[in-house]
Amino acid sequence: MRSLVLGLAAGLLSATIAYAADAIPVRIGVIPVIGASPIFVANGEGLLKQGGLNATFTTFESGPNMIQALASGTIDVYVAGVAPLAVARQKGIDVTVVASTAIEEMVFVASPKLAAYFTPGTSAADAFKAFRAKEGKPARLATQPPGSVPNTTLQHWLWATTGTAKTDADIVPMGIDATQQAVLTGAVDGASIREPALTIVQSRNPGIKLIALGGVMFPNQPGTVVAVSGGFEKAHPEAVQSLVSAVIKATDILKADPDRAAPFVEAALGKGITDVATIRKALTSPAATFVADPRVIIDATRAMQTFQVSIGTLDKDVSLDGLFDPRFYEKAIAP
């Protein structure tokens, strides 16, 4: 009996070693926002490992910064905003969107000083105009670098949606963490932010006011996506299929059981500066809408790209043919 047990144990150990040896290494770049939660949950739940993937993660401050890593071949998977990918493809970088993770993530918040000008019945354009007249300077608004979804969304809301005069608002590009701190310290007058920053800044300073939700800033605003390099997709199509299937399952968990998902997201985003309760609240906020289907954001991505051309962050409209590949998603949900 003892020899049988030892034999079984040895067999299990051999199987484990073989499984680990067969696992496909996948280097994932990600930005630390709630919109990226599906990949964190997929990892925490063991879905990536079950799919035969050995995932390692690198955190970036914005999508445009991550494009450099994608171009240099230091990451295989990009989990960030969709907007920089059009620019990447224009520059000859082979990358394909295989899943969405969230939409309408970006919202606009105002510091207590600027919020005082957003009174009932006052348009955003008039609020910014009044702020400049009274304060003697345009409102300083923080967001991520040009070409990113946050930057594009903020400019769309200011110039296209609200008709704010460009003399009444100055856009200040900075990283995600820096944006959050700038809002909290009053170094800027407003910002386009995502969860969990929205929940964190409002909990620390209730005077910070939510002015516009994502759907108002840019209808059906395309947000965080999962994209893979062309080289990785060609070499490991089965790994891409496992990745997409894991993201779909994780998205379902986020929607159905945020309490179960929150610890995994907190472990990835918390970094000791927040807690599970805060992440749980962020996961169910109006700025958190999880969607795995990449087909949902194609039209909105095209509209965002057209706007980027109008503001000069994209040279010209680039065909979206080849940018989105829904085949992996469609196969994953097939009966």
Side-chain angles (χ1 to χ4, degrees), residues 26 28-45 47-48 51 53 55 57-60 62-63 66-67 70 75-85 95-107 144 148-150 153 176 193-198 214-215 218 220-229 240-258 260-262 264-269 279 282-298 300-301 304 323-326 328-330 332-333:
V26 54
I28 301 174
V30 64
I31 52 172
V33 295
I34 285 293
S37 291
I39 199 70
F40 302 137
V41 174
N43 187 52
E45 286 276 343
L47 298 172
L48 297 179
L53 306 178
F57 291 81
T58 302
T59 300
F60 293 82
S62 70
M66 202 186 304
I67 292 297
L70 194 67
I75 61 171
D76 306 304
V77 177
Y78 166 107
V79 184
V82 68
L85 296 176
V95 60
T96 305
V97 175
V98 293
S100 174
T101 63
I103 62 171
E104 300 186 348
E105 297 172 66
M106 302 310 307
V107 301
Q144 273 70 80
S148 67
V149 169
T153 300
I176 293 172
I193 61 175
R194 289 171 280 204
E195 290 291 5
L198 174 61
F218 199 110
N220 201 29
Q221 178 195 130
T224 304
V225 298
V226 177
V228 297
S229 71
V240 177
Q241 188 63 62
S242 294
L243 176 67
V244 173
S245 296
V247 166
I248 293 171
K249 292 175 184 176
T251 301
D252 291 340
I253 293 171
L254 281 158
K255 292 178 178 179
D257 195 351
R260 173 179 167 184
F264 300 126
V265 180
E266 192 277 331
L269 302 183
I279 294 298
L283 288 174
T284 55
S285 91
T289 303
F290 300 107
V291 175
D293 187 349
R295 299 169 300 186
V296 169
I297 61 169
I298 293 176
T301 300
M304 180 169 281
L323 175 58
F324 290 88
D325 188 350
F328 297 99
Y329 176 84
E330 291 167 349
I333 65 169

Nearest heavy atoms of Thr96 and Phe324, plus distance in Å: CG2-C, 4.2 Å
If we ignore hydrogens and angles and just use 3.5 Å, is the side chain of Thr101 paired with the main-chain N or O of Pro38 as donor and acceptor? no
Side chain to side chain contact (heavy atoms under 4.5 Å, CB included) between Leu283 and Ser37, worked out: CA-CA 9 Å; Leu283 288 174; Ser37 291; 3.6 Å; yes
Ignoring hydrogens, what is the shortest heavy-atom contact between Ala83 and Ser148? Give both atom names and the distance. CB-C, 4.2 Å
Any chance you could lay out the side chain to side chain contact (heavy atoms under 4.5 Å, CB included) test for Val26 and Leu243, step after step, and finish with the verdict? CA-CA 10 Å; Val26 54; Leu243 176 67; 5.6 Å; no
Considering the options Val82, Val149, Thr289, Ile103, which one meets the side chain to side chain contact (heavy atoms under 4.5 Å, CB included) requirement together with Gln221? Val149
Using the rule given for side chain to side chain contact (heavy atoms under 4.5 Å, CB included), can you reason through Glu105 versus Ile34, listing the C-alpha separation, both sets of side-chain angles and the distance that settles it, and then say yes or no? CA-CA 8 Å; Glu105 297 172 66; Ile34 285 293; over 6 Å; no
How far apart are the C-alpha atoms of Val97 and Val226, what are their side-chain angles, what is the distance that settles it, and do they pass the side chain to side chain contact (heavy atoms under 4.5 Å, CB included) test? CA-CA 6 Å; Val97 175; Val226 177; over 6 Å; no
Could you tell me if the side chain of Val228 sits less than 4.5 Å from the side chain of Asp76, heavy atoms only? no
Gap separating the CG atom of Leu269 from the CD1 atom of Ile279, nearest 0.5 angstrom: 5.0 Å
Between the CD1 atom in Ile75 and the CE atom in Met66, the distance rounded to the nearest 0.5 Å is 5.5 Å
At their closest point, which heavy atom of Leu47 faces which heavy atom of Ala250, and how far apart are they? CD1-N, 4.0 Å
Give, for atom CE of Met304 and atom OG1 of Thr153, the distance between the pair rounded to the nearest 0.5 Å. 3.5 Å
Contact between Pro32 and Ile176 at the side-chain level, heavy atoms closer than 4.5 Å - yes or no? yes
From Asp293 atom CG to Ile248 atom CD1, the distance as rounded to the nearest 0.5 Å: 8.0 Å
Over all heavy atoms of both residues, which pair between Arg295 and Ile333 is shortest? Give the atoms and the distance, please. NH2-CD1, 4.1 Å
Could you grab the distance from atom CG of Leu48 to atom CG of Asn43, nearest 0.5 Å is fine? 5.0 Å
Rounded to the nearest 0.5 Å, what separates atom CD1 in Ile31 from atom OH in Tyr78? 7.0 Å
Closest non-hydrogen atom pair between Phe328 and Val98, with its separation: CD1-CG1, 3.8 Å
Of all the heavy-atom pairs spanning Asn220 and Glu104, show the shortest one and how long it is. N-OE2, 2.9 Å
